[in-house]
Structure formats: structure tokens, C-alpha cells
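Counting starts at 1 for both ligands and their atoms, in listed order. Remember, it's a predicted structure, so these values are computed and weren't measured experimentally.
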Amino acid sequence: MATANKGSSYNLATYAHIIGWGMAVPERIMTNDDLSAIVETDDKWIIERTGIRERRIASEKESTATLALKAAQKALAVADILPIELDMIIVATSTPEYIFPSTASIVQNWLGATKAGAFDMSAACSGFVYAMNMASQSIRTRSIQTALVIGSETMSRIIDWTDRSTCILFGDGAGAVVLRASTTPGGVLSSVLRSDGAGWDVLSLPSVGSRDLNNAIQPNGHKAFRMHMDGPEVFRFATRVVGESISQAVADAGLTLDDIKLIVPHQANLRIISAAARALKIEESRFMVNLDRYGNTSAASIPIALVEAVQQGKVKENDYLAFCGFGGGLAWGSMVVKWGAPKPKTEERAILKEQRRQLSYTLGDLRMRLRKLGRFWENLLTRFTRRGRIQRLRDRVDKLD
Ligand code: COA
């Protein structure tokens with residue numbers, strides 16, 4: 001939109017462009033054969049029914065926050081920006097480090113992103129699309145300039161490893177993108193978010209919520225702190241909504257399916273992706289698929305698949321992409337993004353920025369240690385001065401005798 005106020009960009013429309021991306025997965029690989037040593041299953045069944053061959057499992061030292069941090073650092077490096085430039089950090093996750101503080105706040109501290117607000121997004125496997133919507137809308141309304149959106153999960157920590165119909169599906173990992181304001185049309189063009197809470201019990205993680213009765217077994221028979229899933233019902237739901245939701249997001253962006261170069265769907269099951277392709281009457285090859293190597297990483301699956309699509313050269317400047325997430329809630333959502341390449345940078349400038357980023361990460365950790373030390377000394381001093389005051393009071397009382 002042209003501005004009447006020459007020289008000012010205030011009246012220009014603002015768009016939220018993806019300018020950085022990164023992913024992190026644990027090194028440990030668990031194959032289908034490894035799984036058949038834990039539950040009664042086999043490689044053939046898992047591949048035929050899901051398309052999954054292996055998944056990554058977090059080590060004891062890894063967590064949702066550490067994976068999120070690694071993915072975020074890579075995304076910041078691609079975007080070539082400093083953590084202090086971030087205004088908002090959202091971590092979409094179903095496996096947060098704590099109920100509170102948010103995993104996003106932990107990552108914010110580790111990055112040294114001292115000017116960013118931070119919160120977690122709970123929308124299960126649709127979380128990344130929901131978080132992208134929140135961040136891009138904040139940019140489009142000019143409330144912020146730059147956002148870091150992360151999907152990060154350690155599903156292995158909440159899986160019921162005795163339930164063969166769920167434990168074969170999931171894996172751990174994280175993916176992140178940096179969104180930045182620009183007056184160049186493009187970036188996030190549309191998003192459609194939906195929920196059908198009538199199906200809340202089809203896919204759930206009973207935990208310390210307002211309904212938790214501290215029982216190992218919940219009143220509905222589901223195990224606390226372990227994921228419960230009605231697989232066939234989730235399958236039916238997903239095949240019903242995915243195609244419809246993508247079509248809606250594409251239409252809202254003023255495009256047709258022919259304009260979409262690549263669809264990056266939530267990586268739950270190859271049969272769900274095949275069904276979506278049939279529903280949309282398009283070739284399956286237009287969907288990005290990497291679930292064979294990572295399984296379902298819930299909120300992390302779309303950004304991980306996006307990063308690999310970029311790395312494999314499947315995404316070029318000005319391409320239109322569609323993302324589609326679906327899962328617990330039941331919730332689902334789709335969005336259309338116009339891809340823009342990040343600005344070219346001089347090597348010298350990039351090295352300098354990288355050093356400044358590393359300093360910010362070191363200072364983030366140091367800040368936390370200093371804060372702890374400060375609290376320790378403050379407590380000690382308070383105790384001494386309090387003791388001193390009590391002693392003086394006692395002395396006065398003694399003098400009265
Ligand atoms: N290995 C071998 N057999 C298995 C098995 C496994 N890992 N899991 C289930 N089975 C068995 C069942 O016990 C059942 O046996 P039965 O007929 O003797 O009772 C049989 O396979 C068929 O079970 P069913 O649940 O109907 O299989 P399915 O074809 O629907 O596949 C899922 C099960 C979980 C793979 C499938 O329903 C699915 O992918 N659903 C969507 C789940 C999902 O994506 N969730 C996350 C969404 S974000």
C-alpha cells in the first residue's frame with residue numbers, strides 16, 4: 001500500500017518473513033528393530049502402517065529446552081541477527097521443561113535475548129502453526145519486529161513404553177524459525193486455526209493440571225504423565241481435516257493449489273499424508289516427508305521438515321509453501337508462506353556477528369549464575385543483619401533486668 005506520508009514507512013503494510021531456520025535432533029537413533037525388543041512389534045508392521053523406520057531419542061543430558069536452544073542458535077545464525085534483536089520467543093511444546101516457568105523463558109535466558117518476551121504454546125502437534133500465527137500477527141500489527149518461533153519436544157519422556165500402538169510413533173527433536181518484519185509483500189500470507197474440543201480425550205497427556213488427582217491412574221482409566229491415544233480415531237480425524245484445512249489456507253492467501261510448491265505437513269503417519277494428497281487430488285511428491293527418520297516429533301515436526309526441505313534445495317525464493325499441523329485438542333491449523341531468501345552477508349560481518357552471538361550465549365549463562373550468587377549473599381547478609389538486630393534487642397532487654 002502506498003504511503004501518503006513520503007519518507008515514512010509507517011503506513012506501509014508490514015509482512016512477517018522467515019529469515020532464519022535451524023533444527024536439532026538427538027544423536028541416539030532407535031530403529032524399529034530396537035523397538036521390537038521392548039514391545040511386541042516388528043519393522044514390517046511399523047513401516048507398512050506408519051512409514052516410520054527410526055526415531056531420535058534424547059539422552060539424559062538433553063531436554064526440550066536444550067534441543068530448543070540448539071535449533072534456535074542455528075536459526076539466529078542463518079538470520080544473521082543477535083539475540084538482543086528478538087522481541088518475542090515462543091516455544092510450541094507438549095513436553096515443556098516445567099509447567100512454569102515456560103521453556104521459552106529458559107531459552108530466552110540461555111540466548112541472552114534480554115529484550116524478548118517469552119511464553120510456551122500448548123496446542124500439541126499443531127503448536128508450531130499456532131505459534132507462527134501469533135508471532136506473525138504481532139509483526140503484522142507492528143507490536144513487534146522480530147520473533148523466534150520454536151517447536152521442541154522430548155516425546156520419549158511421556159510415552160507409555162508398554163503401549164505398542166503409541167510408542168512406535170514418536171521421537172524427539174526441535175526446529176526453529178526467525179520471523180522478521182518487512183515492507184516487502186510475502187512471508188506468512190494466511191492461517192486457519194481450528195479446534196474440536198469434543199475430541200479432547202482421543203489424544204491426551206494426563207498430568208499436573210487442575211484435574212490431576214495425584215493418582216497414577218486417572219478416573220477415566222488413563223495413566224497420569226503418560227500419553228493416551230485412540231490411534232484409529234486420531235487417524236480418522238486427521239484424514240478428515242488435513243486436506244480441507246490446507247485448501248482453506250490456500251484460498252485465504254488468494255492462491256490455488258497449483259501455486260503451492262511444497263506442502264510441509266505434520267509428520268504423523270505416511271498414510272495420513274497419502275490420504276491428504278488423495279483428498280487434494282495432487283501428487284504425494286508435493287508433500288515434504290521425513291517421518292521415516294524422525295517419527296512424529298509433535299510440535300517440532302513441521303520446522304524440522306522445513307529445515308530439511310531447505311537443505312535439500314526443495315524451497316527457492318518466491319516459492320509458496322503450505323504448513324499443516326493436527327493433533328491433540330483436537331486442534332489443527334494450516335498456513336501459507338511465501339518464501340524469501342535472507343539477505344546476502346559479507347563473510348567478515350558474519351564472523352563478527354557470530355562472535356557477538358557466542359558472547360551473548362556466554363553472558364546469558366553468566367547472568368543466571370551471578371543472579372544466583374547475588375541471591376545467596378543477599379540472604380546471608382539479611383540473616384546476619386537480622387541476627388544483629390535480634391542480638392541488640394536482647395542486649396537491651398538484658399540491661400532492663
Ligand atoms: N505392532 C504390531 N501390531 C500392532 C501394533 C504394533 N506396533 N500396534 C497395534 N497393533 C495391532 C493391534 O493390536 C491390532 O491387532 P488386533 O487386530 O489383533 O486387535 C492391529 O494391529 C490393528 O490395530 P489398529 O489400531 O486398528 O491399527 P491401525 O492400522 O489403525 O494402526 C496406528 C495404528 C496407531 C498406527 C494408526 O491408527 C495411526 O497412525 N493413527 C494416528 C496416530 C497419530 O498419528 N497420532 C498422532 C497424531 S498427532
Side-chain angles (χ1 to χ4, degrees), residues 30-55 92-95 121-131 151-156 158-173 175 193-197 199-205 222 226-243 245-246 264-276 279 287 289-292 294-305 323-334:
M30 183 182 268
T31 63
N32 291 345
D33 284 338
D34 294 333
L35 267 170
S36 63
I38 303 172
V39 286
E40 205 185 321
T41 188
D42 58 79
D43 185 49
K44 190 170 170 287
W45 192 95
I46 300 175
I47 292 175
E48 274 176 14
R49 306 307 292 162
T50 71
I52 300 167
R53 292 173 185 275
E54 58 188 43
R55 68 286 294 143
T93 185
S94 298
T95 49
M121 167 64 68
S122 167
C125 302
S126 315
F128 182 75
V129 175
Y130 271 68
S152 186
E153 303 279 12
T154 40
M155 301 303 286
S156 61
I158 58 153
I159 285 168
D160 181 352
W161 287 101
T162 64
D163 178 1
R164 67 177 179 171
S165 63
T166 57
C167 73
I168 54 151
L169 297 172
F170 295 92
D172 302 334
L193 307 181
R194 295 281 185 274
S195 170
D196 174 14
W200 72 269
D201 60 341
V202 167
L203 188 52
S204 66
L205 173 63
H222 302 167
R226 288 286 167 263
M227 184 197 299
H228 165 84
M229 182 182 76
D230 178 339
E233 195 51 45
V234 176
F235 192 90
R236 274 190 288 277
F237 145 73
T239 48
R240 197 177 65 244
V241 301
V242 173
S245 159
I246 293 171
V264 186
H266 169 46
Q267 306 286 308
N269 186 318
L270 190 58
R271 289 192 297 136
I272 293 175
I273 294 174
S274 306
F287 285 78
V289 176
N290 66 356
L291 56 82
D292 50 324
Y294 303 119
N296 179 344
T297 54
S298 191
S301 86
I302 294 175
I304 290 176
F323 304 156
C324 178
F326 52 88
L330 298 167
W332 64 102
S334 290

* **Whether over 12 other heavy atoms sit under 6.0 Å from R271 CZ** =>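 Buried by this count: over 12 neighbours within 6.0 Å.
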
Just need the protein heavy atom nearest to [atom], so name the residue and atom and give the distance.
{"atom": "atom 36 (C) of ligand 1", "result": "R271 NH2, 4.1 Å"}
{"atom": "atom 34 (C) of ligand 1", "result": "S165 O, 3.5 Å"}
{"atom": "atom 29 (O) of ligand 1", "result": "R49 NH2, 2.6 Å"}
{"atom": "atom 27 (O) of ligand 1", "result": "W45 CZ2, 4.0 Å"}

* Asked: Between the candidates R164, E48, M229, E233, which shows the shortest non-hydrogen contact distance to atom 42 (C) of ligand 1?
  ->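 It is M229 that holds the nearest heavy atom.
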
* Among P232, C125, A238, A268, whose heavy atom sits nearest atom 24 (P) of ligand 1? ->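 Among P232, C125, A238, A268, the closest heavy atom to atom 24 (P) of ligand 1 comes from P232.
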
* Parallel under 30°, tilted from 30 to 60°, perpendicular over 60°: which one fits the rings of F128 and F323? ->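 The rings of F128 and F323 sit tilted, inter-plane angle from 30° to 60°.
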
* Could you give me the CA-CA distance, side-chain angles and deciding distance for V202 and F237, then say whether side chain to side chain contact (heavy atoms under 4.5 Å, CB included) is met? => CA-CA 10 Å; V202 167; F237 145 73; over 6 Å; no

* Check H266, E153, Q267 against S301 for a side chain to side chain donor-acceptor pair (under 3.5 Å) and give me the one that passes. =>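 In the set H266, E153, Q267, the residue that makes a side chain to side chain donor-acceptor pair (under 3.5 Å) with S301 is H266.
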
* Could you check if a side-chain atom of W332 sits within less than 4.5 angstrom of a side-chain atom of D196, using non-hydrogen atoms only? =>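 Counting from C-beta outward, W332 and D196 do come under 4.5 Å.
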
* Where do V241 and R194 land on the side chain to side chain contact (heavy atoms under 4.5 Å, CB included) test, with the steps shown first? -> CA-CA 10 Å; V241 301; R194 295 281 185 274; over 6 Å; no

Return a yes/no value: protein heavy atom under 4.0 Å from [atom]?
{"atom": "atom 8 (N) of ligand 1", "result": "yes"}
{"atom": "atom 22 (C) of ligand 1", "result": "no"}
{"atom": "atom 31 (O) of ligand 1", "result": "yes"}
{"atom": "atom 14 (C) of ligand 1", "result": "no"}
{"atom": "atom 45 (N) of ligand 1", "result": "yes"}
{"atom": "atom 17 (O) of ligand 1", "result": "no"}

If I compare all heavy atoms of [X] with all of [Y], which pair ends up nearest, and what's the gap?
{"X": "A268", "Y": "I52", "answer": "O-CD1, 4.2 Å"}
{"X": "I246", "Y": "C324", "answer": "CG1-CB, 3.7 Å"}
{"X": "R55", "Y": "F170", "answer": "CG-O, 3.2 Å"}
{"X": "T297", "Y": "G173", "answer": "CG2-N, 4.3 Å"}
{"X": "G175", "Y": "A300", "answer": "N-CB, 4.2 Å"}
{"X": "G327", "Y": "L203", "answer": "C-CD2, 3.9 Å"}

Run the numbers for me: atoms of ligand 1, each under 4.0 Å from some heavy atom of [X], listed by number.
{"X": "T41", "value": "1 (N), 2 (C), 6 (C), 7 (N)"}
{"X": "V234", "value": "43 (C), 45 (N), 47 (C)"}
{"X": "F326", "value": "48 (S)"}
{"X": "G327", "value": "48 (S)"}
{"X": "I168", "value": "7 (N)"}
{"X": "N296", "value": "46 (C), 48 (S)"}
{"X": "H266", "value": "48 (S)"}

* **Side-chain donor or acceptor of W161 paired with backbone N/O of S156 under 3.5 Å** =>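 Looks like yes, one N/O pair under 3.5 Å.
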
* For ligand 1, is any non-hydrogen atom under 4.0 Å from T50's backbone (N, CA, C, O), its side chain (CB onward), both, or neither? ->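 Side chain only; the backbone of T50 stays clear of ligand 1.
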
* Asked: Below 4.0 Å from any atom of ligand 1, is there a heavy atom belonging to N269?
  ->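 Within the 4.0 Å threshold, so yes.
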
* Asked: Does an N or O from D42, backbone or side chain, lie closer than 3.5 Å to an N or O of ligand 1?
  ->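 No, D42 has no N/O under 3.5 Å of an N/O on ligand 1.
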
* Any N/O pair G231/ligand 1 closer than 3.5 Å ->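 Yes - when backbone and side-chain N and O of G231 are compared with those of ligand 1, one distance drops under 3.5 Å.
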
* Asked: Considering the options L169, I273, T50, which one meets the side-chain contact (heavy atoms from CB on, under 4.5 Å) requirement together with L291?
  ->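 Only one of L169, I273, T50 forms a side-chain contact (heavy atoms from CB on, under 4.5 Å) with L291, namely I273.
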
